[in-house]
Novice: 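Provided herewith is a single structure, encoded as structure tokens, for subsequent inquiry.
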Number of protein chains: 2
Amino acid sequence: MSNPSAATPQPLTPDEESLVRALGQVMHVLPRAIDADMVGDRQLPLTEYTALMNLSETPERRMRMNELAALCHLSLSGMTRTIIRLETQGLVRRERCEEDARGWNAVLTDAGYARLQEAWPSHLAAVRRRFLQHFEGFDLAQLARAFQRAGTAEPTD
Amino acid sequence: MSNPSAATPQPLTPDEESLVRALGQVMHVLPRAIDADMVGDRQLPLTEYTALMNLSETPERRMRMNELAALCHLSLSGMTRTIIRLETQGLVRRERCEEDARGWNAVLTDAGYARLQEAWPSHLAAVRRRFLQHFEGFDLAQLARAFQRAGTAEPTD
DNA sequence: CATATTTGCTTGACCAATCAAGCGCCGGTT
DNA sequence: AACCGGCGCTTGATTGGTCAAGCAAATATG
């Protein structure tokens, strides 16, 4: 009767339950909404924006595919494909890596930088309006730390 | 010079910045991690689990495709396809709707209910371990309200 | 009451992501 | 210096979702 392996575990409290449901909703709605904003506004999908942005934050505006993929939360092959899309638009160029001929650098072109500058305010506004706005009065640093912990996935086992 | 339409908007504060980045990480990592836990543990992908769960919470264990799609954060066609997958496993059955012959009800079978019972603790544990755990000490109700606001997407315009 | 419009759902075409396999290049071993 | 396992990236196949078109039942309209 009190066999722990057969026992039904404690269910979530109502507050936990609503938080989990609300997070589910946000995870579904937010990226799509922001992407739609940016496409509608500047014709630049969120994935491509993210790639350009990460490149721009680097001193030489270039990065190895490896590292860029990680920063964009994309698999390596997903990153390859995104960069190809950007390359055909002339926003990025690929160069063989000097110190390792297997590697490639994605390099932000001037056109790419200009496109980013143009799209940046739109992204900023979307993030503010659709997300940050709803957290006024919260301790954002504390929240950020909690999310960083949750975002650091331990392997499944 | 002070032309507002040409002015660069205020960038995010460092705290805002890290919160946004951390949320991006979470949105990418969490669903995959929980899905992987459940598939590894119980062979039941998160999408299918969610459908079963929503059906089970209804008095007659049945629901119109419409409503179920909304609760599962899925498009209607995505829902159709998920239900078809569940149907071939015998976890769900489809019945014509009595009061409107265009409509269908997805009905949770006994096998489906059993499967859900079996998978439920695994889902619960994953949610606790990967998410809720990191928010001990937070005002969860307040957080939930903020996420509910953020999850209620106003149309893009 | 016949016809047009709308509604509920499925189907087809597509797309962006993933995983797995492949291809060169690297670097250590003998 | 020839080999060989590992690494960086791309390519091919598949998947799970979306949107748009289709179909049948329902409802509104003349």
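Just so it is clear: chains get the letters A, B, ... in the order the sequence lines come, proteins before strands, and each one is counted from 1. Only this structure's heavy atoms are used, side chains among them; waters, hydrogens and symmetry mates stay out.
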Novice: So, does the side chain of A:S77 form a donor-acceptor pair with the base of D:dC9 at under 3.5 Å?
Specialist: no
Novice: Does A:R42 form a salt bridge (Lys or Arg N to Asp or Glu O under 4.0 Å) with A:D37? I'd like the steps, not just the answer.
Specialist: CA-CA 8 Å; A:R42 295 299 183 201; A:D37 287 349; over 6 Å; no
Novice: Measure CG/A:L74 against P/D:dC9 and give the value in whole Å, please.
Specialist: 14 Å
Novice: According to the interplanar angle, ranging from 0 to 90°, do the rings of B:F131 and A:F147 count as parallel (below 30°), tilted (30 to 60°) or perpendicular (above 60°)?
Specialist: tilted
Novice: Roughly, in whole Å, what's the span from CG in A:L68 to P in D:dC9?
Specialist: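 That distance rounds to 10 Å.
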Novice: Write down the atom of B:A144, the atom of A:A22, and the distance for their closest heavy-atom approach.
Specialist: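 That would be O-CB, 3.8 Å.
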Novice: D:dG17, OP1 or OP2 - any side-chain N/O from B:S75 closer than 4.0 Å?
Specialist: no
Novice: A:M65 CE to C:dC25 C1': how many Å, rounded?
Specialist: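 Those two atoms, CE and C1', are 17 Å apart.
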Novice: Could you work out which one of C:dA17, D:dC9, C:dC9 sits closest to the side chain of A:T47?
Specialist: C:dA17
Novice: A side-chain contact here means heavy atoms from C-beta on lying under 4.5 Å apart; do B:V107 and B:R94 qualify?
Specialist: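 They are not in side-chain contact.
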Novice: For B:H28 and A:A101, take the nucleotide of DNA chain C holding the closest heavy atom to each; which residue's nucleotide lies nearer the 5' end?
Specialist: B:H28
Novice: Nearest whole angstrom, please: distance from the P of C:dC25 to the CZ of A:R102.
Specialist: 10 Å
Novice: Rounded to the nearest angstrom, tell me the gap between atom CG in B:N66 and atom P in C:dG8.
Specialist: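 Taking atom P of C:dG8 as the reference, CG of B:N66 is at 6 Å.
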Novice: Answer with yes or no whether A:R96 presents, from its side chain, a donor or acceptor under 3.5 Å of a partner atom in the base of C:dG24.
Specialist: no
Novice: Send over the distance from B:R85 CZ to C:dT10 C1', rounded to a whole Å.
Specialist: 15 Å
Novice: Any donor-acceptor pair under 3.5 Å between the side chain of A:R94 and the base of D:dT10?
Specialist: no
Novice: Considering heavy-atom distances to DNA chain D, does A:I84 or B:L76 have its closest nucleotide positioned more toward the 5' end?
Specialist: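 Counting from the 5' end, the first nearest nucleotide belongs to A:I84.
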Novice: Report which part of the nucleic acid A:G78 touches: base, sugar-phosphate, or nothing (heavy-atom distance under 4.0 Å, all strands).
Specialist: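 It contacts base atoms.
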Novice: Nearest-Å distance, CZ (A:R32) to P (C:dA17)?
Specialist: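 Roughly 12 Å, once rounded to whole Å.
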Novice: Under 4.0 Å from OP1 or OP2 of C:dT10: is there any side-chain N or O of B:T80 that close?
Specialist: yes
Novice: Roughly, in whole Å, what's the span from CH2 in B:W104 to C1' in D:dA25?
Specialist: 13 Å
Novice: Tell whether B:R81 reaches the base of D:dT15 with its side chain through a donor-acceptor pair below 3.5 angstrom.
Specialist: no
Novice: Within a strict 4.5 Å, meaning less than it, do heavy atoms of the B:C97 and B:R102 side chains meet?
Specialist: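 B:C97 vs B:R102: side chains apart.
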